[in-house]
Amino acid sequence: MSYERDNIRRMAGYTPGEQPQNPDAVKLNTNENPYPPSPAVMRALAETPADALRRYPSPTSAAFRRAAARQHGVEPEQIVATNGGDELLRLAITTFVNPGSPVGVAEPSYSLYPVLAGIHGSPVVRVALGEDWRPTPDFAERMNRERVPLTFLVNPHAPSGTLLDPDAIATLARSLAGVLVIDEAYVDFVDPSHGHDVIALIRRHDNLLILRTLSKGYSLAGIRFGYGIGAPGLIEPIAAKTRDSYSVDAVAERLAVAALEDQAYATSTWEAVRGERARLASRLEGLGLSCAASESNFLLARVPEGFAGGASAVYRYLRDQGIFVRYFDQPRLRESLRITVGTPEQNDTLLRALARMNR
């Protein structure tokens, strides 16, 4: 006998990237920062007192909210800390979507969005992105037509790495009737020459909720720490009503504050990733794998059919060699591999393996 709710029984769960157990594996499949956390983070971990484990943590993550507010030029009331960015996604649905009302997503995108909608009992309105991996001109109109109260958009886009500029996001926020969540999980890797800043838009758009995470840019995927930035009218019901009690643990908050306050170290890793991103893209192009222009810490590389049997075959071969990349068996992505930008040594190992296949 099954005790599941009907919608849970019908849905499929999220499929995470593979976590190889071999410590010598070249892991380029889950978009982690290839460089270690800041030394300040490691000191904060070593100096964590025993009482931080014995006692409950701050129910509001006050220290982190103050640090994040200083970093982004907003008020602490405009910040909410969450157990990873994924918790904020779930909280946004719980807070702003009535059960049975639809959730809007761009297609293709982060595959957790429809899973969270399914858990909530919400249908998913999918609007295909254009050939340039950006929303089409009728994107907001189609969401409004379906009475979508909440739309998710990851920027830079995953899995292409394409960046949507703030003016385009402002147009979407102004046009949508519901809440727009901009998932900026990868924004730290955007080239600073673009002057990209979406946070400034929350002063003009009270329906704009921005997701940030310390998993990627700050090398802290293991502690699951994310946060939201938005107008107080969006943040308050999440922070005071729908967020779990003590959802962010005391150690994670200490480390998150230390990471956020060491911007010099964090930016040095972002610069290193950007440099390797450009080199890796150029070398892949030289092998015949064309890459979408990326502002993230990964590349979407299109594998020609004549290259060693195509993307699926290349994925399997690399896996057998202990090199893990991501393959998506879905429309528009079946001919491509998503490759996390690793260290120079990891990237060279990948490139040598691909060169052997192409002989």
Side-chain angles (χ1 to χ4, degrees), residues 1-22 27 29-32 53 56-57 59 80-128 143 145-154 158-159 178-179 181 183 185 209 211 213 215 221-226 228 237-252 312 315-316 319 324 326-334 338:
M1 179 180 293
S2 172
Y3 295 96
E4 295 174 286
R5 289 159 42 199
D6 291 344
N7 61 304
I8 303 299
R9 186 172 58 253
R10 290 192 300 266
M11 65 176 283
Y14 175 67
T15 302
E18 188 171 356
Q19 302 293 324
Q21 299 304 305
N22 181 358
K27 191 170 182 297
N29 64 332
T30 50
N31 299 339
E32 293 138 333
L53 304 182
Y56 284 106
V80 60
T82 57
N83 190 351
D86 292 346
E87 187 192 26
L88 182 65
L89 300 176
R90 185 190 292 267
L91 288 170
I93 294 176
T94 300
T95 308
F96 304 117
V97 181
N98 287 317
S101 293
V103 170
V105 301
E107 188 77 7
S109 191
Y110 184 24
S111 57
L112 182 64
Y113 300 152
V115 172
L116 296 177
I119 293 169
H120 193 65
S122 289
V124 178
V125 175
R126 305 170 190 263
V127 176
M143 292 296 179
R145 190 186 310 147
E146 298 295 330
R147 301 182 182 276
V148 171
L150 178 75
T151 300
F152 290 122
L153 194 66
V154 58
V179 174
V181 176
D183 182 345
L209 180 61
L211 179 152
T213 179
S215 295
I223 69 168
R224 311 303 299 129
F225 201 103
I238 294 175
K241 297 179 181 179
T242 56
R243 180 174 175 261
D244 290 346
S245 61
Y246 308 110
S247 68
V248 173
D249 74 74
V251 177
S312 178
Y315 162 77
R316 292 193 300 271
R319 189 180 185 281
F324 292 79
R326 197 76 188 264
Y327 175 70
F328 299 98
D329 186 13
Q330 63 187 78
R332 298 184 66 180
L333 298 176
R334 291 191 180 97
R338 193 196 68 192

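Counting begins at 1 with the first residue of the sequence.
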If I take atom CD from residue E87 and atom CG from residue L211, how far apart are they, to the nearest 0.5 angstrom?
11.0 Å
CZ (R338) and OH (Y327) are apart, to the nearest 0.5 Å, by 14.0 Å
Considering residues, nucleotides and ligands other than R332, do more than 12 of their heavy atoms fall under 6.0 Å from its CZ?
yes
Once salt bridge (charged side-chain N to carboxylate O under 4.0 Å, His left out) is applied, do any residues pair with R10, and if so which ones, sequence neighbours excluded?
none
List in chain and number order the residues that pass salt bridge (charged side-chain N to carboxylate O under 4.0 Å, His left out) with E32, two or more places apart in sequence or in another chain; answer none if no residue qualifies.
K27
Can you measure from CG (L116) to CD1 (I93) and round to the nearest 0.5 angstrom?
5.0 Å
Under the salt bridge (charged side-chain N to carboxylate O under 4.0 Å, His left out) test, residues paired with R145 that sit two or more places apart
E141
Would you compute the distance between atom NZ of K241 and atom CG of L91 and round it to the nearest 0.5 angstrom?
13.5 Å
side-chain hydrogen bond (donor to acceptor under 3.5 Å, both in side chains) partners of residues 103-112, not counting sequence neighbours, each pair once
D86-Y110, E107-R126
Within a radius of less than 6.0 Å around CZ of R147, do more than 12 heavy atoms belonging to other residues, nucleotides or ligands occur?
no
Sequence neighbours excluded, every pair satisfying side-chain hydrogen bond (donor to acceptor under 3.5 Å, both in side chains) that has a member inside residues 113-125:
Y113-D183
Checking S215 now: which residues fulfil side chain to side chain donor-acceptor pair (under 3.5 Å) with it, not counting sequence neighbours?
T213, R224
When rounded to the nearest 0.5 angstrom, what distance separates OG1 in T94 from CD1 in I238?
9.5 Å
